[in-house]
Amino acid sequence: MRARSAEYITAAAKPRGYPPAAGPEIAFAGRSNVGKSSLINALAGVSGLARTSRTPGRTRLLHWFAIRPPKGKDIAFVDLPGFGYAKVSKTERESWRPLVEGYLANRQVLRAVVLLIDCRRGVQDEERDLAAWIEELGVPVIPVLTKIDKIPKSKRKPIADEARRELGAGPAPICFSALKNLGSEALWGSIAKAVTAPKPG
Ligand code: GTP
Ligand code: MG
């Protein structure tokens with residue numbers, strides 16, 4: 001299942017560079033190299049839309065995409081910079097937090113954050129802390145296990161159950177593969193639900 005149309009809008013680091021808040025936004029967060037850009041491309045059905053990187057950790061900007069979902073009104077996807085890449089400088093690593101938290105905490109049109117977790121690494125402190133912090137803002141988290149093609153079918157459910165426990169309460173993670181195109185229907189379903197849900201508060 002893929003978007004009816006998808007287009008790149010812009011990139012920004014600071015709020016004054018953000019595009020106007022035109023409609024609901026869905027952000028994609030996760031460790032560097034977890035597969036964010038690949039997942040966005042898979043949902044969009046456009047292979048080169050969000051760039052996939054050979055040099056991980058190079059996406060230090062937020063990237064916006066205009067998306068016409070399989071069903072329903074237009075939305076925007078926001079590809080957030082990845083965290084936890086060891087080979088970047090300390091300054092660069094420390095710039096991640098204000099960049100991403102500034103967006104997450106202040107963007108009124110943000111409807112959900114898709115939190116990507118590499119199925120082979122599982123949930124670690126960074127993912128757990130980020131999920132809890134986003135939930136505290138009153139924004140729903142949609143957990144996704146990426147690169148699920150790398151794990152035998154029989155191990156997928158136990159790994160998803162474990163990830164769910166590690167994240168505390170909340171929905172079961174969606175098993176996703178950009179390579180084998182698995183999980184996009186389930187993820188589109190969760191996104192549609194988040195977009196149409198009444199905003200709390
Ligand atoms: P940064 O922007 O650098 O933080 O990375 P990213 O999270 O956007 O990851 P990206 O989509 O660039 O993918 C990183 C690497 O993982 C690439 O080599 C991809 O080809 C690979 N990859 C992404 N998704 C999948 C998948 O579903 N299956 C497999 N086997 N590999 C994948
Ligand atoms: Mg990327």
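Quick note: residue numbers are just sequence positions, from 1. Order of listing sets the numbers, starting from 1, for every ligand and every atom in it. These numbers were taken from a predicted model, which means no experiment stands behind them.
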* Knowing that exactly one of Leu39, Asn33, Ile117 qualifies, which makes a side-chain contact (heavy atoms from CB on, under 4.5 Å) with Lys147? -> Asn33
* For Leu179, the ligand 1 atoms whose distance to one of its heavy atoms is below 4.0 Å -> 26 (C), 27 (O), 28 (N), 30 (N)
* Please determine if Glu127 and Arg121 form a salt bridge, counting it only when a charged side-chain N lies under 4.0 Å from a carboxylate O. => no
* Flag Val34 as yes when one of its N or O atoms lies below 3.5 Å from any N or O atom of ligand 1, and as no otherwise. => yes
* Asked: Which atoms of ligand 1 are found less than 4.0 Å from any heavy atom of Ser32?
  -> 3 (O), 4 (O)
* Structure fact -> Check: of Arg60, His63, Lys147, Arg31, min heavy-atom distance to atom 31 (N) of ligand 1 comes from Lys147
* Do the charged groups of Arg111 and Glu25 touch, with an N to O distance under 4.0 Å? -> no
* Close approach, Ser177 and ligand 1, non-hydrogen under 4.0 angstrom -> yes
* **For ligand 1, the portion of Asp149 having any non-hydrogen atom under 4.0 Å away** => side chain
* Centroid-centroid under 6.0 Å between Trp64 and Tyr8 rings -> no
* Asked: Relative to ligand 1, is Lys180 under 4.0 angstrom through side chain, backbone, both or neither, heavy atoms considered?
  -> neither
* Taking side chain as C-beta onward, heavy atoms only, is Glu101 less than 4.5 Å from Trp133? -> yes
* **Metal site the Mg ion (ligand 2): N/O/S of Ser32 inside 2.8 Å** => no
* Structure fact -> Closest heavy-atom pair, Asp74 versus Pro69, reported as atoms and distance to 0.1 Å, is CA-CD, 4.1 Å
* May I ask you to check whether Gly82 has an N/O atom sitting below 3.5 Å from an N/O atom of ligand 1? => no
* Indicate, with yes or no, if the rings of Trp188 and Phe176 have centres closer together than 6.0 Å. => no
* Just distances here: any N/O of Arg51 and N/O of ligand 1 closer than 3.5 Å? -> no
